[in-house]
Structure formats: structure tokens, C-alpha cells
Amino acid sequence: MFKSINELVKEAHSNAVAKGWWEEDRSFGELIALMHSELSEALEDYRDGKPIDRNWYEKNGVRDNIQHASDWKPCGVPSELADVLIRVFDACGRHGIDLEAAITEKMAFNATRPQRHGGKVI
Ligand SMILES: [Mg+2]
């Protein structure tokens with residue numbers, strides 16, 4: 001059941017290709033903008049007072065806290081954060097980025113950084 005990050009990259013990109021999202025190539029700037037849009041959707045759900053840790057589900061204008069079947073669309077902050085990663089995975093799949101290696105490398109580097117490196121407030 002567990003999938004590696006690079007398996008998720010491959011699956012997300014394959015699904016996007018199968019659904020026609022790559023019939024025309026997309027610029028890297030467009031891919032980044034789409035990642036941003038998913039974060040903005042998460043922010044809007046938060047601003048609307050939606051719970052951070054729970055999805056709700058929609059189908060044909062009906063909303064419920066239970067996903068009655070897999071064709072009920074997940075909505076909410078967790079779902080939008082998942083969309084961010086799905087967009088990242090798709091972009092990495094398109095450009096052959098080894099995201100698993102990049103994450104491992106960056107986390108190892110971050111572990112070497114001093115307390116609150118850079119001295120910024122947030
Ligand atoms: Mg979304």
C-alpha cells in the first residue's frame with residue numbers, strides 16, 4: 001500500500017497525461033502558478049472558517065462530511081494541500097526531477113543549519 005515519493009510522482013504525472021493536461025506542453029512558470037493556486041485555495045478554506053484538519057465532500061451540489069463513494073469530491077484544507085503535492089509531483093514527473101533525492105538531500109542539509117538560521121522573524 002505504501003508508495004514512495006517517486007512512485008507518487010510517476011502516478012500523478014501519468015494521470016495528468018491520461019486526463020489530457022499535457023496535450024500541449026506547459027511552461028514551468030504555469031506549473032508554479034498552479035501550485036500557488038492550490039495553496040490559495042487552502043488559504044480561502046481557512047479564511048472561510050473551515051477546519052484545518054478535515055475534509056468535506058461534494059457531489060451534484062450535495063455536501064456531506066462523509067465520502068459516500070469515491071466520486072464524491074474531497075474539499076477542504078487537507079484536500080487542497082494534497083492538490084499542492086499532486087501539482088508538484090506532476091511537474092517533477094514532466095521534468096524528470098528526482099523529488100525523493102531532492103527531499104532527502106535538502107532535509108539532510110536543513111538538519112545542519114543553526115537555530116533559526118538567517119535571523120528572520122518567521
Ligand atoms: Mg484544489
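Here the structure is a predicted model, which is why all the values come from computation and not from measurement.
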Salt bridge (Lys or Arg N to Asp or Glu O under 4.0 Å): which pairs involve residues 26-44, sequence neighbours left out?
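Passing the test, one end in residues 26-44: Arg26-Glu30, Glu38-Arg87, Glu44-Arg47.
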So does Asn55 get a backbone contact from the side chain of Ser79, meaning a donor-acceptor N/O pair under 3.5 Å?
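No; judged by distance alone, with no hydrogens or angles, the pair does not exist.
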Check for a donor-acceptor pair, side chain of Ser14 on one end and backbone N or O of Glu11 on the other, with a separation under 3.5 Å.
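No; judged by distance alone, with no hydrogens or angles, the pair does not exist.
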Quick one: name the residues clustered hydrophobically with Tyr57, using the 4.5 Å side-chain heavy-atom rule over I, L, V, M, F, W, Y, and just say none if it's on its own.
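Besides Tyr57, the cluster holds Val62, Trp72.
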Got a sec, which residues hit ring pair (Phe, Tyr, Trp, His ring centres under 6.0 Å) with Trp22, two or more places apart in sequence or on another chain?
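Listed in chain order: His13.
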Among the clusters formed by ILVMFWY side chains lying less than 4.5 Å apart, do Phe89 and Trp21 turn up in the same one?
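In one cluster: yes.
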Check for me, please, whether Leu31 and Val88 land in the same ILVMFWY cluster - side-chain distances under 4.5 Å, paths through other members count.
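Per the 4.5 Å side-chain linkage, Leu31 and Val88 are co-clustered.
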Residue list, side chain to side chain contact (heavy atoms under 4.5 Å, CB included) with Asn65, at least two apart or on another chain
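Expected list: Trp56.
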The criterion is side chain to side chain contact (heavy atoms under 4.5 Å, CB included); which residues satisfy it with Ser70, sequence neighbours excluded?
none
Hey, are the side chains of Val9 and Asp90 touching, using non-hydrogen atoms and a 4.5 Å cut-off?
no
Only pairs under 3.5 Å count here: list side-chain donor-acceptor contacts from residues 106-122, not counting sequence neighbours, and write none if there are none.
unit_1, atom_1, unit_2, atom_2, d
Thr112, OG1, Phe109, O, 2.5
Arg116, NH2, Val121, O, 2.8

Other residues, nucleotides, ligands: >12 heavy atoms within 6.0 Å of Glu105 CD:
no
In Å and rounded to the nearest 0.5 Å, what is the [atom1] to [atom2] distance from [X] to [Y]?
X     : Y     : atom1 : atom2 : answer
Cys92 : Lys10 : SG    : NZ    : 15.0 Å
Leu39 : Leu34 : CG    : CG    : 11.5 Å
Leu8  : Leu99 : CG    : CG    : 9.5 Å

side-chain contact (heavy atoms from CB on, under 4.5 Å) between Asp25 and Arg94, worked out
CA-CA 9 Å; Asp25 204 13; Arg94 163 61 183 87; 2.8 Å; yes
